[in-house]
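In this text, all values refer to a predicted model and were calculated from it rather than measured experimentally. Note that these values count all heavy atoms, side chains included, but never hydrogens, waters or copies made by symmetry. Here, residue 1 is the first one in the sequence, and each next residue gets the next number. We count ligands from 1, going down the list as the structure has it; atoms in each ligand are counted the same way.
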Amino acid sequence: MLKARRILLIIGGGIAAYKALDLIRRLRERGAAVTPVMTTAAAEFVTPLSAAALAGEAVHGALFDLTREAEMGHIQLSRVADLVVVAPGTADLMAKMAQGLANDLASTLLLATDTPVLVAPAMNVRMWQHAATQRNLTTLRGDGVRFVGPNDGDMACGEYGPGRMAEPLEIVAAAEAMLVGGPLSGRRVVVTSGPTHEPIDPVRYIANRSSGAQGTEIARALAALGAEVVFVTGPAQVPPPEAVEVVRVETAQQMRDAVLAALPVDAAVFAAAVADWRMAEAVTSKMKKAEGRLPVLQFAENPDILAEVSQLSRGRPRLVVGFAAETDNVEAHATAKRLRKGCDWIVANDVSPATGIMGGSENAVTLISGAGAEVWPRMGKRAVGDRLAQRIAETLAAV
Ligand code: CTP
């Protein structure tokens with residue numbers, strides 16, 4: 001709940017501004033008071049009257065409004081809120097924030113505020129992927145600004161990809177996690193999940209049976225404790241959790257790039273079942289049958305993301321957690337794997353067929369750390385997620 005919390009909602013000028021109206025409604029449903037501020041461009045997409053009617057408050061727009069200045073100066077306006085939410089966070093607003101510009105009310109408030117800021121970016125895919133925007137994103141993260149989304153999807157401009165604003169309920173969940181807090185609020189975590197698909201040719205691929213269920217439960221549990229979670233997922237069978245930033249990938253190499261792009265993080269959890277090999281040469285046309293001849297597939301080794309991140313000399317997360325699926329000598333194999341990879345913990349599970357764990361809803365985990373092995377009772381994957389997230393929170397609080 002957001003009872004008695006005041007949110008300063010800065011509405012940027014983008015097509016997603018219409019969703020900001022629903023966001024006002026959703027925030028108020030949760031008990032928050034909302035003070036809307038609209039940029040000049042935002043007022044081209046939605047009317048200030050709609051925002052004011054939904055918020056039940058006046059909308060602020062111009063920097064030098066003398067009547068308003070007398071009632072409440074812009075500095076004061078930026079301070080009365082418990083949280084500043086920027087939705088849609090346009091490329092322009094992000095650039096202004098990163099540069100510290102203050103040439104309209106929205107950017108002035110963002111520079112003057114001393115309250116936490118949550119941005120829900122929304123823009124065209126290419127604008128989002130542009131080096132300038134990605135640079136600004138890194139700068140803003142370094143300044144302590146938090147982000148929710150953007151999501152992948154069809155965009156109003158006809159393109160597909162990351163750039164769509166997070167849904168209002170996702171923004172509300174992120175706001176709630178920041179305000180109500182939790183042991184992991186202010187912490188950023190990356191979680192990998194699901195299988196990877198390695199193409200053989202344009203129509204065939206190598207895959208594995210990972211459903212992504214355990215990784216999804218871990219990401220959900222971390223977000224529920226207030227963490228900002230980047231969820232890097234291969235093609236999984238279960239939908240991603242809410243209130244996390246979802247980065248969809250297909251191959252191990254894409255997963256590696258997405259993980260490195262998510263750094264810096266406080267903790268990294270590698271729950272994905274990454275394919276160990278890919279085709280040595282990319283085959284761009286479909287392989288055809290040839291009489292009396294069987295194809296020979298040449299493999300190359302994929303990057304070991306867990307090992308690479310564990311062994312980073314600069315920017316290593318404080319806590320790196322790997323997984324190990326073993327069928328025998330679980331503890332011995334997992335202990336050796338922890339040392340080989342250089343990670344802090346290994347979550348080992350016994351996947352021998354008799355356990356029924358592979359593809360099932362339960363898990364039997366042994367947590368291997370520098371302190372030794374801790375056998376957890378068999379429990380649901382959701383409970384494993386909750387318990388692991390709790391342990392991560394305790395550990396980050398202690399270091
Ligand atoms: N992992 C990774 N990148 C890879 C391969 C694995 O990040 N290219 C991570 C997985 O996400 C998991 C751990 O490493 O956290 C598993 O290590 P791996 O050596 O693949 O172990 P197993 O899958 O258990 O296989 P094996 O015992 O054959 O080594």
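The 4.0 Å heavy-atom shell around ligand 1 contains residues F270, A272, V274, D276, P303, D304, I305, L306, G322, F323, A324, A325, K337, K341, ordered by chain and number.
Side-chain contact annotation: T90 with D92, donor-acceptor N/O pair under 3.5 Å absent. Residues T366 and E331 bring no donor and acceptor atom of their side chains to less than 3.5 Å of each other.
For R5 (side chain) and G31 (main-chain N/O), no donor-acceptor pair under 3.5 Å exists by modelled atom type.
To the nearest 0.5 Å, atoms CG (L23) and CD1 (I171) are separated by 5.0 Å.
The side-chain heavy atoms of V249 and T196, taken from C-beta on, include no pair separated by under 4.5 Å.
Counting non-hydrogen atoms of neighbouring residues, nucleotides and ligands closer than 6.0 angstrom, the CD atom of Q99 reaches no more than 12 such neighbours.
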